[in-house]
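Please read these numbers as outputs of a predicted model, since none were measured by experiment. Reckoned from all heavy atoms, side chains included, excluding hydrogens, waters and symmetry mates.
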Amino acid sequence: MSLSKEEIDTLIRLIGLTRDDEIDCERCLTLVAEFAEQVLAGRSIPAGLEAVAHHLSVCEECCEEYEALLEALKAIDG
Amino acid sequence: MVRDNQTWLAHLGGTGPDQQAALSDLREVLLRGLRRALSHRAGGGEEFLEDVIQDSLVRILERLPQFEGRSRFLTWSMSVATRVAMSELRRRRWKDVSLETLVDGPDPATERAVNHHPGPDMQWERQAILDTMHAVIRNDLTPKQRTALLAELRGMPQDEIARQLGSSRNALYKLTHDARKGLKRGLEEAGFTAEDIRAVFTG
């Protein structure tokens, strides 16, 4: 099995970010609304939500959903 | 009607006119939010939106007991709806791609990584890291972990990998998390720290 340059770069980045304890996609979904409200309000991220920021850095799908959520919230709050 | 979190929960969790009114109001808010969030995405037209809103309302009602009140109810509901919408868009985009073909197909052209003019020491270290990574993938990961990791690196979304493996997205995340931990551990045991790796591949 060979990996392309892009695949190697992605894997190296992911390995560098890997922690023993990470929250999964379900837990991220439970917390991401609070996380998004903090971000949109310009508040700093409390320690309890740091795991969400980390999960978003390693999970492409949750990150994509989070970005869509920010857009959606601008529409309903704007 | 303006509702606080408790009122949303009471109305949606109840029956009768209050529930119907709450569902109707929630539907309108979700539609407004998703219309904007999906406006620049292919496949996110009105018919798609209608389907997704219906699925989202069902999902939100199912998940009501999991709402912890840590945000506004509408923000939480929108997070559920965006997951439903994005998952469905990804499913439609990838539904005809077979996991087997993606993983067992011809290997992509392997181009050894980054820095095009590394010194001999760095070139040696880079090759050693790649050899270790390949060895861990080959020898230490389970076949399922290998398949999931490779499919993810080749761009297939976790929802679709999970569907084709007969698993769930959450279980899939755990599978690839364990694979990443195995790779990290294997590299550390071979003497390569995260800092070494970053220095060699981005230096």
Side-chain angles (χ1 to χ4, degrees), chain A residues 1-41 46 48-49 52 54-78, chain B residues 29-30 32-39 41 66-68 70-72 74-83 85-87 90 107-114 129-130 133-134 137-138 146 149-150 152-154 157-159 169-170 172-174 177 180-181 183-184 187 194 197-198 201-202:
Chain A
M1 180 188 80
S2 293
L3 299 173
S4 71
K5 176 183 175 301
E6 289 73 23
E7 289 163 1
I8 289 168
D9 288 348
T10 303
L11 190 53
I12 292 288
R13 185 184 70 81
L14 289 173
I15 292 170
L17 289 168
T18 296
R19 298 175 176 176
D20 284 344
D21 290 319
E22 295 181 4
I23 59 170
D24 58 26
C25 301
E26 273 301 300
R27 188 61 188 153
C28 182
L29 180 59
T30 303
L31 298 174
V32 75
E34 183 187 3
F35 182 85
E37 286 183 351
Q38 296 285 333
V39 169
L40 287 175
L49 290 178
V52 176
H54 177 265
H55 183 85
L56 296 176
S57 72
V58 294
C59 180
E60 200 173 316
E61 286 78 25
C62 284
C63 187
E64 187 179 40
E65 291 160 15
Y66 166 67
E67 285 168 3
L69 173 63
L70 292 183
E71 279 298 305
L73 293 177
K74 285 176 196 163
I76 64 170
D77 292 333
Chain B
V29 172
L30 295 181
R32 190 150 30 100
L34 285 185
R35 190 175 278 142
R36 159 115 173 227
L38 303 183
S39 59
R41 292 177 192 271
Q66 292 167 44
F67 175 60
E68 297 177 3
R70 301 172 61 122
S71 66
R72 289 184 307 152
L74 286 178
T75 309
W76 176 81
S77 297
M78 193 57 82
S79 72
V80 175
T82 50
R83 171 160 296 188
M86 300 310 295
S87 296
R90 287 191 293 260
D107 285 329
T110 305
E111 193 183 326
R112 291 307 180 194
V114 200
I129 290 169
L130 289 174
M133 254 171 43
H134 278 104
I137 290 172
R138 200 171 43 245
R146 261 198 304 278
L149 186 69
L150 193 54
E152 203 175 312
L153 289 174
R154 294 188 173 164
Q158 292 181 76
D159 325 59
R169 175 162 156 187
N170 231 30
L172 203 280
Y173 187 84
K174 186 178 181 321
H177 179 215
R180 286 188 281 116
K181 283 195 293 187
L183 276 162
K184 189 178 180 186
L187 286 163
I197 296 166
R198 249 195 308 275
F201 281 88
T202 60

What residue, out of [options], has the most heavy-atom pairs lying under 4.5 Å from chain A?
| options | value |
| --- | --- |
| S39(B), P157(B), S77(B), A194(B) | P157(B) |
| R72(B), M78(B), R41(B), R32(B) | R72(B) |
| N170(B), L38(B), L183(B) | N170(B) |
| Q66(B), Q158(B), R35(B), K174(B) | Q158(B) |

Side chain from CB out, backbone as N, CA, C, O: work out which of these in [X] comes under 4.5 Å of a heavy atom of chain A, or both, or neither.
| X | result |
| --- | --- |
| R138(B) | neither |
| L30(B) | neither |
| L187(B) | side chain |
| K181(B) | both |

Quick check on [X] against chain B: is it the side chain, the backbone, both or neither that has a heavy atom closer than 4.5 Å?
| X | result |
| --- | --- |
| R27(A) | side chain |
| L70(A) | neither |
| L40(A) | neither |

Worksheet entry | Test side-chain contact (heavy atoms from CB on, under 4.5 Å) applied to E71(A) - qualifying residues, sequence neighbours left out |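 With sequence neighbours excluded, E71(A) shows a side-chain contact (heavy atoms from CB on, under 4.5 Å) to K74(A), R36(B), A37(B), given in chain and number order.
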Practice prompt. Quick one: list whatever passes side-chain contact (heavy atoms from CB on, under 4.5 Å) with S71(B), sequence neighbours left out.
Written response: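 Listed in chain order: A33(A), E34(A), E37(A), F67(B), T75(B), W76(B).
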Who wins among [options] for the most heavy-atom pairs under 4.5 Å with chain B?
| options | result |
| --- | --- |
| D77(A), L14(A), V32(A) | D77(A) |
| C28(A), C25(A), C62(A) | C25(A) |
| T10(A), I76(A), L29(A) | L29(A) |

Would you mind checking if [Y] and [X] are paired as a salt bridge, meaning a charged N to carboxylate O distance below 4.0 Å?
| X | Y | value |
| --- | --- | --- |
| E60(A) | R90(B) | no |
| E65(A) | R169(B) | yes |
| K184(B) | D20(A) | no |
| R83(B) | E64(A) | no |

Side-chain contact test, heavy atoms from C-beta onward, threshold under 4.5 Å: evaluate it for [X] versus [Y] and give yes or no.
| X | Y | value |
| --- | --- | --- |
| L3(A) | I137(B) | yes |
| S4(A) | R154(B) | no |
| T30(A) | E68(B) | yes |
| E67(A) | T82(B) | no |
| I12(A) | R198(B) | no |

Discussion item. Could you measure the distance from the CG atom of L149(B) to the CD atom of E7(A)? Nearest 0.5 Å is fine.
Written reply: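 The CG atom of L149(B) sits 9.5 Å away from the CD atom of E7(A).
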Worksheet item: Run the side-chain contact (heavy atoms from CB on, under 4.5 Å) check on F201(B) and I8(A) step by step: do they pass?
Response: CA-CA 10 Å; F201(B) 281 88; I8(A) 289 168; 4.0 Å; yes
Item to complete: Say whether E22(A) and Y173(B), considering side chains only, have a donor N or O and an acceptor N or O under 3.5 Å apart.
Response: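 The answer is yes; a qualifying pair exists.
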Fill in: Test item: H177(B) side-chain N/O and I23(A) main-chain N/O as donor-acceptor pair under 3.5 Å
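Not a single qualifying donor-acceptor pair exists.
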